[in-house]
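Just so you know, these numbers come straight off a predicted model, no measurement behind them. One-based numbering, in listed order, for ligands and for the atoms of each.
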Amino acid sequence: MHAHTPLQNSTMLKTNQIGSFNQNGYLIIENFIDSRQRHRLMQRAEQLIEEFQPPTNRSVFTTNEQERSSDDYFLSSGNKIRFFFEEEAIDQHGNFTVQKQQSINKIGHAQHLLDPEYKQVVDELDFHSLGRQLGIQSPRSIQSMHVFKQPNIGGEVTLHQDSTFLYTEPMSCIGFWLALEEATRENGCLQVIPKGHKIPLKKRFKLAADGGTQFDILNDSPWPEQPLEMLEAAAGTLIILHGQLPHYSAANRSSRSRQAFTLHLVDKLCDYPQDNWLQTDLV
Ligand code: FE2
């Protein structure tokens, strides 16, 4: 018995849940996180944003793909706690269009290791046990994000596979997506291609030899023509995503935010390339 694990509430998956994950590429577990844990994460985020001093030159801190990709603030965030703005939170002159608390697209990418509050909740939830049950032999928590999907301006996340960004050889990434607030079709819930984890990895996002980043196209066939499945989720729901499962979320034009916390695991036994965009010396 390990002395340091009394607070963990490890979830034992049933055989049919593991089967469903392997068949569909995702698994939904309702009431995975309680209201105390959800509010702890949301209150901690609010506190961190309160303490965050926005930079004077705000344009470089948006989450826009073009701008962020060569941006050191983004590329060196793997072992830090950093703040990324919603694109529509800042106008062309660099001025805020909303209050600071409503301007943040996400906080990432190492609060699960660096911040005591996040760390405690993440440890309590024992994602490594879930990862092991789903086939990861030696789990490593490589990345966390607190995603806000702010009211009215929450940005779209285009269709992608997480292994594009957290690539290992062989591929091993599993994503854990926790609804801190209710996620509906109005506020930008997750949408997936069921069974789409059988689709080969389409691209890899990596460091370019001459600085900045690039996408390597691995498979240029188009996404299958099929409607995405909306995964509406009550607050407290966990959605587990296979690293190759294509997923998407629409912009939030509703008046309600859609906060989520995500943690991604990879297998330490797989090779983690030195040219992956996310590099961290944290375990
Ligand atoms: Fe993703």
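Between I90 and F96, the closest side-chain pair of non-hydrogen atoms falls below 4.5 Å. At a threshold of 4.5 Å between non-hydrogen side-chain atoms, the residues E232 and E182 do not count as touching. By the 4.5 Å heavy-atom criterion applied to side chains, M171 and Q161 are not counted as neighbours.
Near the Fe ion (ligand 1), less than 2.8 Å away, sit the protein N, O or S atoms H160 NE2, D162 OD1, H247 NE2.
When E51, R44, Q43, E50 are each tested for a side chain to side chain donor-acceptor pair (under 3.5 Å) with Q47, only one passes: R44.
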R40 and Q37: CA distance, side-chain angles, deciding distance, side chain to side chain donor-acceptor pair (under 3.5 Å) verdict: CA-CA 5 Å; R40 213 168 149 189; Q37 291 166 318; over 6 Å; no

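Considering every non-hydrogen atom in both P246 and H197, the closest pair reads CD-N, 4.2 Å.
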